[in-house]
Amino acid sequence: MKRAVPVVVLSIAGLVPVWRYEPSAGAPASTAAPATAPSASASSGTSSGASPGTVVKGTTIRTDKGPVQVQVTFDGDRITAVRMLQQPNHPQTTAAVPKLVAETLKAQSADIDTVSGATITSGAYKESLQAAIDVRG
């Protein structure tokens, strides 16, 4: 009887985190299945004096964590900006995006390292980025 009370209390204490667990938001879908085709649109810049460039949207990649889509701005053959149009609402993704963008601007290609802890998002980012680069030519 002395053991029964601690066993019950510890069992309940161990189950509380399981009951409170909430999976990350995002519709489960097949990993890396493109939902839309990449699109390109010429941009003449903004009235605020930004340099002209070509803006290209990458393919939307569906992952277990949620959709990933990038928008790449080119100035000639050079990548000048990368923006996430869609990304999973997940802490690892939020932390990984600045690293992925910085690596992209440094490498000027989709041949970048995967961010530890955000492997799925990194793979989808690279795939969407490569699709945008392919559209640009």
Side-chain angles (χ1 to χ4, degrees):
M1 192 60 158
K2 290 181 181 180
R3 293 183 186 166
V5 172
V7 168
V8 170
V9 170
L10 291 174
S11 296
I12 291 171
L15 288 174
V16 168
V18 174
W19 291 328
R20 294 183 51 104
Y21 176 74
E22 294 181 31
S24 60
S30 63
T31 302
T36 60
S39 62
S41 63
S43 159
S44 61
T46 61
S47 60
S48 65
S51 63
T54 303
V55 178
V56 181
K57 292 181 182 178
T59 305
T60 299
I61 308 298
R62 304 263 176 223
T63 70
D64 294 338
K65 303 291 183 184
V68 174
Q69 183 181 25
V70 300
Q71 175 180 296
V72 184
T73 304
F74 294 92
D75 186 9
D77 290 334
R78 198 154 165 74
I79 297 172
T80 57
V82 180
R83 192 174 136 228
M84 292 289 280
L85 297 178
Q86 296 182 56
Q87 72 183 48
N89 184 17
H90 202 267
Q92 284 89 350
T93 298
T94 304
V97 169
K99 295 175 186 174
L100 292 167
V101 171
E103 284 289 317
T104 300
L105 295 175
K106 182 179 174 186
Q108 291 293 303
S109 74
D111 186 22
I112 58 175
D113 291 334
T114 299
V115 175
S116 178
T119 306
I120 293 170
T121 301
S122 295
Y125 172 92
K126 291 193 286 188
E127 190 172 336
S128 183
L129 177 63
Q130 186 61 55
I133 292 169
D134 291 346
V135 166
R136 175 69 175 113

For a 4.5 angstrom cut-off between non-hydrogen side-chain atoms, does [X] reach [Y]?
X	Y	result
Tyr125	Val115	no
Ile79	Thr104	yes
Pro67	Thr63	no
Ser122	Leu100	yes

Between Thr93 and Thr121, a side-chain donor and acceptor under 3.5 Å =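 Yes - a donor-acceptor pair under 3.5 Å links their side chains.
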Lys126 and Thr114: side chain donor to acceptor below 3.5 Å |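 Indeed, the side chains of Lys126 and Thr114 share at least one donor-acceptor pair under 3.5 Å.
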Using modelled atom types and a 3.5 Å cut-off, is there a donor and acceptor pairing between side-chain atoms of [X] and backbone atoms of [Y]?
X	Y	answer
Gln71	Leu85	no
Ser128	Thr60	no
Ser109	Asp111	yes

Yes or no on side-chain contact (heavy atoms from CB on, under 4.5 Å) for Thr54 and Thr73, after CA distance, side-chain angles and deciding distance?
-> CA-CA 6 Å; Thr54 303; Thr73 304; over 6 Å; no
Can you tell me how far [atom2] of [Y] sits from [atom1] of [X], rounded to the nearest 0.5 angstrom?
X	Y	atom1	atom2	result
Gln87	Gln69	CD	CD	12.0 Å
Arg78	Leu105	CZ	CG	8.0 Å
His90	Ile120	NE2	CD1	8.5 Å

Members sharing Val5's hydrophobic cluster (side chains within less than 4.5 Å) | Val9
Report the residues that fulfil side chain to side chain donor-acceptor pair (under 3.5 Å) with Gln130, sequence neighbours left out, ordered by chain and then residue number.
->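 Result, side chain to side chain donor-acceptor pair (under 3.5 Å) vs Gln130: Asp134.
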In terms of heavy-atom contacts, Ile133 and Ala110 come closest through CD1-N, 3.8 Å
Determine, stepwise, if the pair Lys57 / Val70 fulfils side-chain contact (heavy atoms from CB on, under 4.5 Å).
-> CA-CA 6 Å; Lys57 292 181 182 178; Val70 300; over 6 Å; no
Can you check side-chain contact (heavy atoms from CB on, under 4.5 Å) on Val68 and Met84, steps first, answer last?
-> CA-CA 7 Å; Val68 174; Met84 292 289 280; 3.8 Å; yes
